[in-house]
Amino acid sequence: MDHAISGLGVAMERTFILLKPDAIKKGVVGEVISRLEKANLSIVGMKMLQLTEEMCREHYAHHVNKPFFQGLVKFMCSSAVICMVLEGDGAVEKVRELAGPTDPKKAPKGTIRGDFGTDVQVNIIHASDSKDTAEVELRRFFRDDEIFHRIGSFTKK
Ligand code: IDP
Ligand code: MG
């Protein structure tokens, strides 16, 4: 597997996140990225793009037959989104914890969804839910040459 290698030669965990249209419309992209960086996660890939219904069908395959799916597509395609690959120790679990539960109304204050989300659909951020899913999802949105490696001895101030 092509996991990124740190300066110590240790394979670093990667995860995939997507900042949804509401993050952009509410102007909290910087705040969300800041929380991720403060948690010692490194940005190793980043791009802005417009999702299509076809991409939503693939990314949200587990929801295609749900009654809310068409509404989810409309929301996810209502503006561009920002996709990122993050790298760091325990990156997958760390980002899921920072994001909080799916429904912002049930998400504790201090979590990204609890602080900025609107409802169970409009919830600021997608984050991969396992290491395997992360690898599938980051490859869905990034080519190999669009993912960079964290500089070996980088440490937070
Ligand atoms: P997750 O984003 O916390 O992993 P999933 O169950 O994988 O949650 O759902 C993916 C996305 O689908 C959610 O983040 C949300 O935007 C949307 N979604 C999930 N459940 C509902 C629902 O009951 N109504 C509307 N949208 C939903
Ligand atoms: Mg999910």
Side-chain angles (χ1 to χ4, degrees), residues 1-4 11-144 146-147:
M1 250 200 216
D2 179 36
H3 286 301
M12 294 294 290
E13 190 170 311
R14 302 192 297 196
T15 193
F16 171 80
I17 72 153
L18 183 156
L19 301 179
K20 300 185 181 186
D22 60 320
I24 295 170
K25 289 174 195 164
K26 289 167 182 161
V28 297
V29 167
E31 170 70 27
V32 172
I33 292 175
S34 181
R35 289 186 185 196
L36 299 168
E37 288 184 318
K38 281 179 188 145
N40 219 12
L41 293 156
S42 295
I43 300 167
V44 293
M46 186 164 175
K47 64 167 73 166
M48 192 165 192
L49 57 87
Q50 173 67 51
L51 291 179
T52 62
E53 173 158 359
E54 197 186 343
M55 290 158 94
C56 292
R57 284 187 168 274
E58 191 183 352
H59 190 66
Y60 287 132
H62 56 303
H63 286 325
V64 165
N65 295 319
K66 304 271 171 68
F68 59 79
F69 184 70
Q70 277 311 318
L72 180 59
V73 171
K74 196 170 173 211
F75 162 58
M76 292 300 293
C77 298
S78 65
S79 79
V81 298
I82 294 170
C83 298
M84 298 172 64
V85 181
L86 299 173
E87 187 185 295
D89 287 339
V92 171
E93 194 54 37
K94 202 183 257 187
V95 178
R96 292 285 292 190
E97 273 169 26
L98 290 169
T102 310
D103 186 350
K105 295 191 180 97
K106 295 179 188 149
K109 285 287 157 209
T111 63
I112 292 166
R113 285 166 163 173
D115 290 347
F116 306 121
T118 303
D119 58 37
V120 71
Q121 177 183 89
V122 181
N123 61 1
I124 302 284
I125 186 168
H126 165 83
S128 304
D129 60 9
S130 73
K131 284 194 242 181
D132 287 347
T133 314
E135 288 300 314
V136 172
E137 291 182 342
L138 67 87
R139 286 182 187 287
R140 180 173 297 144
F141 290 94
F142 290 87
R143 297 192 313 261
D144 267 358
E146 294 174 323
I147 301 175

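Remember, it's 1-based here, ligands and their atoms both numbered in the order they're listed.
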Q: Please determine if K20 forms a cation-pi arrangement with F75, meaning its NZ or CZ atom is less than 6.0 Å from the six-membered ring centre and no more than 45° off the ring axis.
A: no
(Q) Among L138, L36, L98, exactly one meets side chain to side chain contact (heavy atoms under 4.5 Å, CB included) together with I17. Which residue is that? (A) L36
Q. For atom NZ of K106, is the number of surrounding heavy atoms from other residues, nucleotides or ligands below 6.0 Å larger than 12?
A. no
(Q) Does D89, at its CG atom, have more than 12 non-hydrogen atoms belonging to other residues, nucleotides or ligands within less than 6.0 Å? (A) no
Q: Compile the protein residues with any heavy atom at a distance under 4.0 Å from an atom of ligand 1; present them by chain, then by number.
A: K20, Y60, H62, H63, F68, L72, R96, T102, R113, V120, Q121, N123
Q: Sort and list the pairs that fulfil ring-ring contact (aromatic ring centres under 6.0 Å, His included) and have at least one residue in residues 103-137, not counting sequence neighbours.
A: F16-H126, H59-H126
Q) Yes or no on side-chain contact (heavy atoms from CB on, under 4.5 Å) for M55 and F141, after CA distance, side-chain angles and deciding distance? A) CA-CA 10 Å; M55 290 158 94; F141 290 94; 4.0 Å; yes
